[in-house]
Amino acid sequence: MKIASFFLFSSSTASLFGGWFGGKKKDAKVIQTDILREKECKRKTKNGDQLFVHFWGMKTIGGDVFHTTWTDRFKDDKISVYNKPYRFQLGLGEVIDGWEIGLKNMCPGEKRRLFIPADLAYGEKGGGTPEMPAGDVIYDVELVHAEQGPRHPEVFDLMDLDKNGYLTHKEISKFIHNELKNQGELNQVPHHEELAMVKDILSQEDKDRDGRISRLEFSGEAHREF
Ligand SMILES: [Ca+2]
Ligand SMILES: [Ca+2]
């Protein structure tokens with residue numbers, strides 16, 4: 001296990017921000033993903049990115065669509081148009097686990113078909129609305145656009161124990177230690193690796209090299225496009 005950025009921490013603190021299965025460990029699971037349309041790009045989607053997608057949700061291929069951003073808005077002229085793309089931040093538990101797993105490493109313009117088992121979707125009982133059906137689901141998802149997402153200030157506040165607006169080595173260490181503990185992974189990660197994580201984070205995030213991470217360094221440049 002290697003934690004190299006705050007984005008991954010954001011992911012592990014997903015329970016703070018709600019979501020169906022927030023806080024559950026996600027990356028250990030794999031789902032079947034078919035590429036419907038391939039695209040190349042320099043920078044692929046990763047945790048923390050803000051994604052804009054069009055999607056079609058169905059129980060079986062070719063079956064009724066239970067939820068989509070595609071609509072027959074002008075029925076008389078038989079013109080189908082997109083509604084606005086659906087927007088969410090990857091890795092924060094805002095969407096079902098099947099999406100968190102299946103929409104990583106994706107390029108704009110790419111279209112995927114995700115086969116998602118019930119436990120990574122809305123469960124065996126469903127979410128109580130037609131948009132959240134029970135059992136296994138299939139989503140066709142087209143990535144329209146992706147950009148670096150905003151980081152949650154709540155995470156900074158959580159880490160900044162003395163509330164002085166900076167994250168020190170000690171505060172980061174403490175946060176990591178607690179995160180590992182909460183995830184039940186404390187025994188699997190040796191102490192030296194824990195220290196390496198802290199060093200890793202500081203070297204990546206402490207842009208002005210003053211040995212601590214300011215709020216500005218943490219929040220990064222919002223909406224930087226790729
Ligand atoms: Ca502090
Ligand atoms: Ca700094």
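In listed order, ligands and their atoms are each counted from 1. Residue numbers count from 1 along this sequence.
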Task: Atoms of type N/O/S from protein, distance to the Ca ion (ligand 1) below 3.0 Å - done: 6
- [ ] Would you confirm whether Lys174, through its side chain, and Met159, through its main-chain N or O, come within 3.5 Å as a donor-acceptor pair?
- [x] no
Task: N, O or S atom of Glu217 closer to the Ca ion (ligand 2) than 3.0 Å - done: yes
TODO: Kindly report the OD1-the Ca ion (ligand 2)-OD1 angle for Asp206 and Asp210 respectively, rounded to 10°.
DONE: 90°
Task: Under 3.5 Å side-chain donor-acceptor pair for Glu147 and His145 - done: yes
TODO: Tell me whether the guanidinium CZ or amine NZ of Lys111 lies under 6.0 angstrom from the six-membered ring centre of Trp56 and within 45° of its axis.
DONE: yes
- [ ] Quick one: report the N, O or S atom of Asp208 that is nearest to the Ca ion (ligand 2).
- [x] OD1
- [ ] Determine, for Lys181 against Glu179, whether the closest basic-nitrogen to carboxylate-oxygen distance falls under 4.0 angstrom.
- [x] no
- [ ] Answer with yes or no after comparing the ring centroid distance for Phe55 and His67 against a 6.0 Å cut-off, counting only values under it.
- [x] yes
Task: Lys44/Asp49 ion pair, N-O < 4.0 Å - done: no
Task: Aromatic ring proximity, centroids under 6.0 angstrom, Phe66 and Tyr139 - done: yes
